[in-house]
Amino acid sequence: MMNISRSLGAILIASSLSLAGCRTTKDVLDDYEKDISSGNYAAAVPEVTEIAEKQDDSQQMWRLLSASAKFMSDDRSGALQQFDAAEDVFKKNDLRSVFSQVGQGTLAMITNDKSFPYDGGGQDRIFTCLYRFIDFACDGDSEYARVELNRAAQYQANWLYDRRRETAAAAEKLESDAASYQRQQGQPNAMSSSERRSQSSAVMNDASFAAQLRANCEYDVATSGNMDLLSKKDYSNSYMFHVAGVFRWINDDDPMNMLRDVAEFVPGNPVVALDYAEMSREMRPRDQVWIWVEDGLCPCREEWRIDLPLILLPYANRYVMYAGMAFPKLRKRSHAASSWSVLAGGNSTSFAELADVDSLVRTEFDVYMRGAIFREITRTIVKVGVQAALGAAAEAANRRQEKKGGGSRDYLSLKIAQAGVAAWALSTTGADLRSWTALPKSVKVARVTRPKDGKVVVYADAQPIEITLPKGNSMVFIRKPGPMAMPVVKTAVFK
């Protein structure tokens with residue numbers, strides 16, 4: 001009789017050999033992180049740009065990574081070109097959800113979330129507009145800069161609607177693909193929609209499984225990612241609100257709503273409080289310098305694997321060869337400096353926390369995970385169900401043949417099919433690790449009056465960053481992704 005485990009092993013070895021020598025997404029992202037965090041910005045450009053030009057399903061992420069590296073290496077035209085290309089993908093996804101862009105026959109939802117085009121999230125769109133604003137403003141193009149801030153504000157306003165839309169589209173695609181896969185495997189009545197949902201909910205509500213999610217992913221099944229429980233502050237980018245408010249204020253636009261909102265989001269920030277108070281009294285800023293520091297790198301994704309609690313599927317235990325699941329989890333990264341201050345006119349001023357980008361990324365991750373966990377459980381249950389059905393059929397065929405005497409070709413063919421399904425399940429189990437990993441960890445802000453000589457020195461711990469500013473109101477943006485990275489400084493002056 002055929003050794004089924006050896007057959008399964010042969011299939012898995014063949015699959016692994018076909019992938020040998022290929023750099024994975026994680027490999028590229030890890031090398032990109034090393035270059036960016038050490039300040040080797042130009043070295044981070046070539047590979048991600050080359051991959052972006054292939055225009056695959058992840059091109060939006062690669063273009064954002066390329067744009068970030070070009071932005072930090074002060075290749076303004078190159079950065080804007082990549083941001084423009086990323087915007088084209090955003091517009092395409094506005095017309096049609098990424099979950100509906102994959103054809104019905106591909107059964108993409110039964111593989112893993114990596115099978116779908118990368119769409120990022122609201123923060124991807126907001127930061128894209130914000131970085132485009134910075135380069136336009138630093139080039140003296142106030143009109144284009146104003147447009148980018150208006151677009152960023154619109155993306156922020158659409159945040160909750162967009163997340164709900166994607167969640168609904170994913171659920172619809174999951175239901176369609178699960179049923180199609182069962183029919184494809186000759187199991188049209190193996191499991192109904194209500195049965196799949198019931199079993200998925202049972203796994204979600206299992207105390208042991210929930211505890212592992214909390215321990216490994218810092219995710220609480222009861223509350224995390226529940227959009228009905230989110231406040232506006234949870235998903236609002238106070239960095240964008242403040243930059244937009246200041247820009248409008250010093251350019252004679254109406255900044256009221258922006259500065260009012262950011263004052264509510266960060267009530268303890270002295271810079272924001274002063275801006276809002278002076279603006280409310282209709283004071284006009286003169287020779288004021290706002291300095292925003294983007295410190296460190298935001299969390300990135302790593303994979304965590306777990307076996308489906310088969311105790312919740314008692315009928316399947318004896319027939320299942322593989323029942324694994326894979327989820328992303330966030331890995332936090334360090335600050336670039338432990339303290340920031342600015343020296344101007346002999347006076348030293350500390351920076352105040354403005355935006356916790358880690359928290360914004362966490363909010364979007366939790367909203368994503370709320371759907372992703374259910375999808376991964378459901379696809380695993382479907383794969384397990386097909387394995388179990390084939391295993392049970394093989395056992396029944398063997399019993400029938402034993403009564404007649406001799407071997408059973410039906411038994412062997414069914415076991416081979418079961419092994420193939422298990423091997424496919426293993427090969428398609430993987431977490432979606434794609435994200436815009438070049439975003440900052442946090443954003444801090446300081447405001448000072450321009451000294452007569454125009455010389456301002458920002459200190460990242462003991463590292464001085466010298467800036468000379470002409471007369472007028474100035475907006476200064478500093479990016480330091482890692483402790484060893486040289487800071488990137490961009491300045492916009494409004495006379």
Side-chain angles (χ1 to χ4, degrees), residues 26 29-41 44 61 64-65 67-69 71-73 120-128 130-131 134 152 156 217-218 233-243 262 265-266 268-269 271-272 291-302 328-342 350-368 433-446 458-463 465 476-490:
K26 188 177 186 307
L29 291 178
D30 284 348
D31 285 346
Y32 181 89
E33 178 182 350
K34 292 175 185 176
D35 287 330
I36 292 296
S37 60
S38 63
N40 200 2
Y41 308 124
M61 177 189 71
L64 293 174
L65 292 170
S68 291
F71 179 88
M72 285 184 266
S73 58
Q123 295 307 324
D124 282 18
R125 297 183 176 215
I126 292 166
F127 270 103
T128 292
L130 189 54
Y131 289 143
I134 291 173
Q156 181 67 80
C217 301
E218 298 181 28
K233 178 181 177 181
D234 292 328
Y235 57 84
S236 291
N237 189 320
S238 52
Y239 179 26
M240 182 275 293
F241 275 92
H242 189 233
V243 168
V262 76
F265 299 150
V266 285
N269 187 298
V271 176
V272 172
I291 308 171
W292 291 272
V293 166
E294 297 187 19
D295 178 278
L297 290 169
C298 71
C300 59
R301 295 185 178 192
E302 294 187 339
K329 63 178 182 178
L330 292 181
R331 171 172 64 87
K332 289 186 177 181
R333 294 182 284 182
S334 64
H335 283 286
S338 58
S339 67
W340 289 86
S341 63
V342 54
S350 295
F351 280 76
E353 194 77 18
L354 177 64
D356 183 352
V357 183
D358 273 13
S359 180
L360 293 174
V361 171
R362 164 57 65 178
T363 295
E364 293 204 341
F365 176 80
D366 284 351
V367 170
Y368 163 77
L433 306 183
R434 297 173 297 178
S435 66
W436 189 1
T437 59
L439 294 179
K441 181 179 181 68
S442 67
V443 181
K444 308 172 194 305
V445 66
V458 175
Y459 287 92
D461 292 331
Q463 181 186 24
I465 305 166
V476 179
F477 302 89
I478 299 176
R479 182 75 176 97
K480 186 174 171 61
M484 303 302 294
M486 287 298 294
V488 177
V489 181
K490 295 177 182 273

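On a predicted model such as this, the values are computed, not experimentally measured, just so you know.
- In terms of modelled atom types and a separation under 3.5 Å, the side chain of Glu364 and the main chain of Gly120 share no donor-acceptor contact.
- The backbone N or O of Pro483 sits less than 3.5 Å from a side-chain atom of Lys480, completing a donor-acceptor pair.
- The shortest heavy-atom contact between Pro328 and Arg301 is CB-CD, 4.0 Å.
- One finds no salt bridge joining Glu294 and Lys444 here, because no Lys/Arg side-chain nitrogen approaches an Asp/Glu carboxylate oxygen to under 4.0 Å.
- Comment: Asp30 engages Lys26 in a salt bridge, judged by a side-chain N to carboxylate O separation of less than 4.0 angstrom.
- The pair Asp358-Arg362 does not meet the salt-bridge criterion, since no charged nitrogen lies less than 4.0 angstrom from a carboxylate oxygen.
- With hydrogens and angles left out, the side-chain atoms of Asp356 and Ser442 include no donor and acceptor closer than 3.5 Å.
- Here the side chain of Arg479 pairs a donor or acceptor atom with the backbone of Gly296 at under 3.5 angstrom.
- With hydrogens and angles disregarded, no donor-acceptor distance shorter than 3.5 Å links the side chain of Ser73 to the backbone of Tyr41.
- Nearest heavy-atom pair across Pro481 and Leu297 is O-CG, 3.6 Å.
- The main-chain N or O of Ile126 is never found under 3.5 Å from a side-chain atom of Gln156 such that the two would form a donor-acceptor pair.
- Checking Trp436 against Ser68 by side-chain atom types alone, a donor-acceptor pair falls below 3.5 Å.
- Annotation: cation-pi pair Lys490/Phe71 present, NZ/CZ under 6.0 Å from the ring centroid and within 45° of its normal.
- Closest approach of Tyr32 and Ala69 over heavy atoms only: OH-N, 3.7 Å.
- Looking at Asp295, its side chain does come within 3.5 Å of a backbone N or O of Ala336 through a donor-acceptor pair.
- With hydrogens and angles ignored, the 3.5 Å screen pairs no side-chain donor or acceptor of Asp461 with any backbone N or O of Ala337.
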